[in-house]
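Heads up: the structure comes next, in structure tokens.
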Amino acid sequence: MKWIVGTLAVVLTILVIYAGSALVSVLGLVSAVRNGDVSQIMTRTDLPRVRHSIVDQLMTAYLERLGQKRPLRPIERMAITSLGTTIADDFATKLITPENLSVLLGSGIVRNAAENISFGTMSSLADLDASNVVVLLGRINPVKPVEFTLGFGRGENAGSISMHFAGAGWKLSGVGLPRRIVATMVDRLPTH
């Protein structure tokens, strides 16, 4: 009986440390965003993963749009995915620069500053009420043991971020854009 209680205590301690480290990382990112500290935001970001998350969203929406007109054959889907990923990756690279990411997380404005293009706005990480830990924890959705998403609010304009455990802590690994913003971005991609 004692070993069950001891084991439960160890498991509970590990879960508290795990959840606590995630919460501390989110609060650190929120603080860096609110202070406009691009260097700290980048320290807490896995930029290649963030870009990949944008590419995935763009490609999914692009394939859905093309598939609405007619069913895509598997070979077409493969060719589009191959070529489209290259185009979408270039697009995401321009979109997710340190400065643009800082603006996106701080104000919710999704833009490509180099080309002076704005794709819309969403809720921002800076506006997240970090003082209410219970509400904050309620917005966290585990995806995998080493990844979770944090919703900025409810509704289709809210958006979200993903955090991934890497090395000694949690890093920003994705930005979940609202569908209407992704659709606006896909409109800028070639259709044939």
Side-chain angles (χ1 to χ4, degrees), residues 21-62 84-130 136 139-144 146-189:
S21 70
L23 186 60
V24 167
S25 293
V26 167
L27 294 176
L29 182 60
V30 169
S31 176
V33 167
R34 286 182 179 161
N35 293 330
D37 190 340
V38 176
S39 155
Q40 277 301 306
I41 293 169
M42 292 293 82
T43 299
R44 300 168 186 278
T45 300
D46 184 338
L47 206 53
R49 280 184 185 261
V50 173
R51 286 186 185 130
H52 186 72
S53 78
I54 298 296
V55 169
D56 283 350
Q57 292 171 72
L58 288 171
M59 287 310 304
T60 298
Y62 187 70
T85 300
T86 304
I87 295 167
D89 189 49
D90 182 53
F91 191 75
T93 299
K94 291 176 184 173
L95 183 71
I96 304 297
T97 64
E99 293 76 23
N100 286 349
L101 185 59
S102 177
V103 168
L104 187 151
L105 296 173
S107 67
I109 297 171
V110 182
R111 69 183 181 130
N112 175 342
E115 297 175 13
N116 197 25
I117 301 168
S118 179
F119 300 103
T121 59
M122 61 186 233
S123 299
S124 71
L125 183 62
D127 292 337
L128 192 67
D129 182 9
L136 187 61
R139 292 177 186 231
I140 292 176
N141 295 312
V143 176
K144 301 175 192 170
V146 293
E147 184 179 3
F148 66 88
T149 61
L150 172 68
F152 293 160
R154 306 225 186 276
E156 55 185 58
N157 294 329
S160 64
I161 60 168
S162 296
M163 301 283 287
H164 185 83
F165 192 80
W170 296 90
K171 289 193 165 209
L172 177 66
S173 61
V175 176
L177 300 172
R179 289 180 71 74
R180 67 176 171 71
I181 291 176
V182 174
T184 301
M185 294 164 74
V186 166
D187 288 344
R188 298 195 53 84
L189 297 175

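Below, each value reflects all heavy atoms present in this structure, side chains not excepted, and no hydrogens, waters or symmetry copies.
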- Inter- and intrachain pairs under salt bridge (Lys or Arg N to Asp or Glu O under 4.0 Å), touching residues 26-43, at least two apart: none
- Pairs flagged by salt bridge (Lys or Arg N to Asp or Glu O under 4.0 Å) wherever residues 93-114 is involved - sequence neighbours left out: D90-K94, K94-E115
- Query: Does anything in residues 87-108 pair up under ring-ring contact (aromatic ring centres under 6.0 Å, His included), and if so which pairs, sequence neighbours excluded?
  - Reply: F91-F119
- Query: What residues, two or more places apart in sequence or in another chain, satisfy side-chain contact (heavy atoms from CB on, under 4.5 Å) together with S31?
  - Reply: N35
Side-chain donor-acceptor pairs under 3.5 Å in residues 165-177, sequence neighbours left out?
| unit_1 | atom_1 | unit_2 | atom_2 | d |
| --- | --- | --- | --- | --- |
| W170 | NE1 | S21 | OG | 3.0 |
| K171 | NZ | T43 | O | 3.2 |
| S173 | OG | S162 | O | 3.4 |

- Query: Which pairs with one or both residues in residues 44-59 pass salt bridge (Lys or Arg N to Asp or Glu O under 4.0 Å), sequence neighbours excluded?
  - Reply: D46-R49
- Query: If you round to the nearest 0.5 Å, how far is OG1 of T97 from CG of N112?
  - Reply: 8.0 Å
- Quick one: list whatever passes side-chain contact (heavy atoms from CB on, under 4.5 Å) with S160, sequence neighbours left out. none
- Message: Would you compute the distance between atom CD of Q40 and atom CG of L29 and round it to the nearest 0.5 angstrom?
- Response: 10.0 Å
- Message: With side-chain contact (heavy atoms from CB on, under 4.5 Å) as the criterion, how do V110 and T184 come out once you've worked through the C-alpha distance, each side chain's angles and the decisive distance to 0.1 Å?
- Response: CA-CA 11 Å; V110 182; T184 301; over 6 Å; no
- Please name all residues satisfying side-chain contact (heavy atoms from CB on, under 4.5 Å) with V143, sequence neighbours left out, ordered by chain then number. E147, T149
- Between F148 and A22, what is the shortest heavy-atom contact and its length? CE2-CB, 3.6 Å
- With sequence neighbours excluded, tell me which residues meet side-chain contact (heavy atoms from CB on, under 4.5 Å) with P98. V38, M42
- Query: Listed by chain and number, what are the side-chain hydrogen bond (donor to acceptor under 3.5 Å, both in side chains) partners of S124, not counting sequence neighbours?
  - Reply: D127
